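What follows is a set of notes on a single structure, which appears directly below.
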Amino acid sequence: MTPAAGDTSAHHYDRLLAERHSYPKLRLAGSWLVAQCRTAGLEARHDAADSTGMRVLHAVKP
């Protein structure tokens, strides 16, 4: 996606990208999700956040 014709403003371009890629995000507490996995009979093998805050949870059936 490029800025609209005649508009070279970086702000405008950033705003268009933000609007295009905007969607409701599901936000769950990591501890809640691990507890739900345990309740479902799963074992959390890995639960960590990366540098952007994205959580990675690896749960397996024991």
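These numbers were taken from a predicted model, which means no experiment stands behind them. Positions are given from 1, in the same order as the sequence printed here.
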Contacts under 3.5 angstrom, residues 31-43 side chains, donor-acceptor by atom type, not counting sequence neighbours:
{"unit_1": "T39", "atom_1": "OG1", "unit_2": "A35", "atom_2": "O", "d": "3.0"}
{"unit_1": "E43", "atom_1": "OE2", "unit_2": "R45", "atom_2": "NE", "d": "3.3"}

What pairs of donor and acceptor atoms, side-chain ones from residues 47-55 against any protein atom, are under 3.5 angstrom apart with sequence neighbours left out?
{"unit_1": "D47", "atom_1": "OD1", "unit_2": "R55", "atom_2": "NE", "d": "3.4"}
{"unit_1": "D47", "atom_1": "OD1", "unit_2": "R55", "atom_2": "NH2", "d": "2.8"}
{"unit_1": "D47", "atom_1": "OD2", "unit_2": "R55", "atom_2": "NH2", "d": "3.4"}
{"unit_1": "D50", "atom_1": "OD1", "unit_2": "T52", "atom_2": "N", "d": "2.9"}
{"unit_1": "D50", "atom_1": "OD1", "unit_2": "T52", "atom_2": "OG1", "d": "2.7"}
{"unit_1": "D50", "atom_1": "OD1", "unit_2": "G53", "atom_2": "N", "d": "3.1"}
{"unit_1": "D50", "atom_1": "OD1", "unit_2": "M54", "atom_2": "N", "d": "3.0"}
{"unit_1": "D50", "atom_1": "OD2", "unit_2": "T52", "atom_2": "OG1", "d": "3.4"}

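- The hydrophobic cluster analysis finds V60 isolated: no Ile, Leu, Val, Met, Phe, Trp or Tyr side chain comes under 4.5 Å of it, directly or through other members.
- Grouping the Ile, Leu, Val, Met, Phe, Trp and Tyr side chains by contacts below 4.5 angstrom, directly or via other members, places V56 apart from L26.
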